[in-house]
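I'd like to ask some things about the structure below.
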Amino acid sequence: MTDKIEQITASFESVWVKAGRRRTPGKRACLVPFIDRDEYLSGLLDDPRIATIPAQLLGADFNYCTSDGNFYTGDTSYHSNAFMGGLSALKVAFYLDPVGPESGCLRVFPGSQKFSDDYAQVLSRDLDSSAELWGLGQAGLPAVPIPSEPGDVVVFAHGIKHGSFGGDEGRRLFVMNFAERCPQDRLPALREHIGSMARFWNDSYYGEAILASANAERMVHLQQILDNQDHLPELAARCRREMAGPAQG
């Protein structure tokens, strides 16, 4: 996406300004939803270079499952993101600063997304104790680094163990999330996922810009979640009463 990276980066910065969000030095800042707030960034969903990825890996009727914009600080320990009780899901990530093995690029353990595999289970159990068990902190473990330059698109399964180490403060990253369409018997899990977005204080799962600029083709990937978000405003109102501020990840 190098032909669009200048406009993508400018739009990234603009979203933060329009949202009125300020960064606290030394802390991660996270904004959800993200591309949904900007018509240009929302249009990335329509670019064949992006839309083809979930269409081929998850099915032509995939769901767009929101996005997050981030300023990262320091290390991110290894973790995975299970999604809605086992539905296939993936992340499409844009790193807006050059990142390498020692400067905050994504690192992954291939095969760790296969949760039923013995290897994946050992990683899940022991990664947090790697220094005691294996004599290496997480930054020293032999994961596979994925260096990235602005304009690259990094795609990975939600379930894979991933992290980053050695990066500078304020690393810019936004991620789009996609999942296979939810079958009827798993709709309760979908509604639970939608409800989890209340912690970001949003009454709607999607932002205004992504809906206002959506054509019929894009709506295919939004409609199922729109049809199942009726409980979100009440949950978001409760979070606003109970939390000091919206969630940061």
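Residues take their numbers from the sequence shown, with the count starting at 1.
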(message) Between S129 and D126 (side chain of the first, backbone of the second, donor and acceptor by atom type, cut-off under 3.5 Å), is there such a pair?
(response)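 Pair absent, no side-chain N/O of S129 close to backbone of D126.
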(request) Evaluate the ring-ring contact (aromatic ring centres under 6.0 Å, His included) criterion for residues Y205 and H193: first the C-alpha distance (whole Å), next the side-chain angles of each, then the deciding distance (0.1 Å), finally the verdict. (result) CA-CA 10 Å; Y205 187 90; H193 162 71; 5.6 Å; yes
(request) Using atom types as modelled and distance alone, determine if a side-chain donor or acceptor of H221 lies under 3.5 Å from a backbone N or O of Y64. (result) no
(message) Within the supplied structure, the quantity of interest is the number of heavy atoms (other residues, nucleotides, ligands) at a distance under 6.0 Å from D168 CG; does it exceed 12?
(response) no
(message) Would the distance check show the side chain of D117 and the main-chain N or O of K114 forming a donor-acceptor pair, the cut-off being under 3.5 Å?
(response)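 Not a single qualifying donor-acceptor pair exists.
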(request) To the nearest 0.5 angstrom, please state how far the CZ atom of F115 sits from the OG atom of S124. (result)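 One finds 7.0 Å between CZ of F115 and OG of S124.
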(request) Determine whether the side chains of R37 and S42 contain a donor N or O and an acceptor N or O closer than 3.5 Å. (result)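 No, no side-chain donor-acceptor pair sits under 3.5 Å.
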(request) Using a 4.5 Å cut-off on heavy atoms from C-beta on, say whether the side chain of R199 contacts that of P246. (result) no
(request) To the nearest 0.5 angstrom, please state how far the CG atom of D38 sits from the CD atom of E208. (result)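 Atom-to-atom, D38:CG and E208:CD are 13.0 Å apart.
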(message) Quick one, P150 and P98 - any side-chain contact, counting heavy atoms below 4.5 Å?
(response) yes
(message) In the structure I gave you, are the side-chain heavy atoms of P145 and L106 within less than 4.5 Å of one another anywhere?
(response)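 No; the side chains remain at least 4.5 Å from each other.
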(request) Could you tell me whether the side chain of M219 reaches within less than 4.5 Å of the side chain of L226, counting heavy atoms only? (result)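 Counting from C-beta outward, L226 and M219 do come under 4.5 Å.
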(message) Determine whether a donor-acceptor pair (N or O, by modelled atom type, separation under 3.5 Å) exists between the side chain of Y95 and the backbone of V154.
(response) no
(request) Verify the ring-centre separation between Y119 and F109: is it less than 6.0 angstrom? (result) no
(request) State, without any angle test, whether Y72 and D97 hold a side-chain donor-acceptor pair at a distance under 3.5 Å. (result)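 Per modelled atom types, Y72 and D97 side chains form no pair under 3.5 Å.
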(request) Taking atom types as modelled, find out whether Q223 and D227 have a side-chain donor-acceptor pair closer than 3.5 angstrom. (result) yes
(message) So if I apply the ring-ring contact (aromatic ring centres under 6.0 Å, His included) rule between F12 and each of F71, Y40, F94, which one comes out positive?
(response)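 The residue from F71, Y40, F94 that satisfies ring-ring contact (aromatic ring centres under 6.0 Å, His included) with F12 turns out to be F71.
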(message) Atom CD of residue position E6 - does it have more than 12 heavy atoms of other residues, nucleotides or ligands inside 6.0 Å?
(response) no
(request) Verify the cluster assignment for Y206 and W201: are they in a single hydrophobic cluster under the rule of side-chain heavy atoms below 4.5 Å apart? (result)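 They do not share one cluster, since no chain of ILVMFWY contacts under 4.5 Å joins Y206 to W201.
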(request) Walk me through it: do T66 and M197 pass the test side chain to side chain contact (heavy atoms under 4.5 Å, CB included)? (result) CA-CA 10 Å; T66 199; M197 296 295 105; 4.1 Å; yes
(message) With heavy-atom distances below 4.5 Å as the criterion, would you say the side chains of C105 and S164 are in contact?
(response)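 The answer is no; the side chains never approach within 4.5 Å.
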(message) Looking at E234, I want to see if its CD is surrounded by more than 12 non-hydrogen atoms of other residues, nucleotides or ligands under 6.0 Å.
(response) no
(request) Might you point out which heavy atoms bring G140 and L136 nearest each other, and give the distance in Å? (result)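 Of all heavy-atom pairs spanning G140 and L136, the closest is O-CD1, 3.7 Å.
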(request) Begin with the C-alpha distance, continue with both residues' side-chain angles, and end with the deciding distance and a verdict on side chain to side chain contact (heavy atoms under 4.5 Å, CB included) for F178 and V92. (result) CA-CA 8 Å; F178 301 92; V92 175; 3.7 Å; yes
(request) List the atom of L127, the atom of Q138, and the distance in Å for their closest heavy-atom pair. (result) O-NE2, 3.2 Å
(message) Grouping I, L, V, M, F, W and Y whenever their side-chain heavy atoms are under 4.5 Å apart, do L90 and F156 come out in a common cluster?
(response) no
(request) Identify whether I146 and L141 are in the same connected component of the hydrophobic contact network (ILVMFWY, side-chain heavy atoms under 4.5 Å). (result) no
(message) Can a donor-acceptor pair be found, under 3.5 Å and without considering hydrogens, that links the side chain of N202 to the backbone of S204?
(response)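 A pair under 3.5 Å: no.
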(request) Test salt bridge (charged side-chain N to carboxylate O under 4.0 Å, His left out) on D3 and R49 and set out the steps. (result) CA-CA 12 Å; D3 61 316; R49 290 171 290 182; 2.8 Å; yes
(message) Rounded at 0.5 Å granularity, tell me how far CZ in R240 sits from CG in L235.
(response) 10.5 Å
(request) Show your reasoning for whether side chain to side chain contact (heavy atoms under 4.5 Å, CB included) applies to S80 and I160. (result) CA-CA 5 Å; S80 58; I160 200 166; over 6 Å; no
(message) I'd like to check H158 versus N177 (side-chain heavy atoms, cut-off strictly below 4.5 Å). Are they in contact?
(response) yes
(message) Quick one about N70 and R172 (side-chain donor to acceptor, distance below 3.5 Å, no hydrogens or angles considered), yes or no?
(response)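 There is no such pair between these side chains.
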(message) Minimum heavy-atom separation for V220 and R181, please, with both atom names.
(response) O-NH2, 2.5 Å
(request) Indicate whether any N or O donor in one side chain lies under 3.5 Å from an N or O acceptor in the other, for Q7 and S11. (result) yes
(request) Using atom types as modelled and distance alone, determine if a side-chain donor or acceptor of S88 lies under 3.5 Å from a backbone N or O of L58. (result)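 Side chain of S88 to backbone of L58: no pair is present.
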(request) Write down the atom of A93, the atom of L173, and the distance for their closest heavy-atom approach. (result)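 Distance-wise, the nearest heavy atoms are CB-CD1, 3.9 Å.
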(request) Could you tell me whether the side chain of E169 and the main chain of G74 form a donor-acceptor pair under 3.5 Å? (result)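 No: the side chain of E169 does not pair with the backbone of G74.
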(request) Kindly indicate whether the side chain of I8, heavy atoms from C-beta on, has any atom under 4.5 Å from the side chain of K4. (result)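 Counting from C-beta outward, I8 and K4 do come under 4.5 Å.
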(request) Kindly indicate, with the supporting measurements, whether the criterion ring-ring contact (aromatic ring centres under 6.0 Å, His included) is fulfilled by H162 and Y78. (result) CA-CA 5 Å; H162 58 280; Y78 287 111; 8.5 Å; no
(message) Determine whether a donor-acceptor pair (N or O, by modelled atom type, separation under 3.5 Å) exists between the side chain of S112 and the backbone of K161.
(response)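 Judged by distance alone, yes, a pair lies under 3.5 Å.
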(request) Give me the one residue out of V15, L31, D68, L96 that meets side chain to side chain contact (heavy atoms under 4.5 Å, CB included) with F174. (result)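 With F174 as partner, side chain to side chain contact (heavy atoms under 4.5 Å, CB included) holds for just one option, L96.
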(request) Would you check, one step at a time, whether the test side chain to side chain contact (heavy atoms under 4.5 Å, CB included) holds for K91 with N81? (result) CA-CA 10 Å; K91 293 177 178 284; N81 305 107; 3.2 Å; yes
(message) Please give me the minimum heavy-atom distance between A209 and R218, naming the atom from each residue.
(response) O-NH1, 4.5 Å
(message) For I35, is there any backbone N or O sitting under 3.5 Å from a side-chain donor or acceptor partner on S67?
(response) yes
(message) Within the 4.5 Å heavy-atom criterion, are K27 and T73 side-chain neighbours or not?
(response) no
(message) Is it true that, when you exclude E192 itself, more than 12 heavy atoms of the residues, nucleotides or ligands shown sit nearer than 6.0 Å to its CD?
(response) no
(request) Could you pull out the closest heavy-atom pair between R191 and N228, with the gap in Å? (result)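 That closest heavy-atom pairing would be NH1-O, 3.3 Å.
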(request) Treating Ile, Leu, Val, Met, Phe, Trp and Tyr as nodes and any side-chain heavy-atom pair under 4.5 angstrom as an edge, say whether L41 and I53 lie in one connected cluster. (result)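 The answer is yes; both residues are in one hydrophobic cluster.
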(request) Decide whether L222 and I225 are clustered together by the hydrophobic rule: side chain heavy atoms of Ile, Leu, Val, Met, Phe, Trp, Tyr closer than 4.5 Å, transitively. (result)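 As far as the 4.5 Å side-chain criterion goes, I225 and L222 are connected within one cluster.
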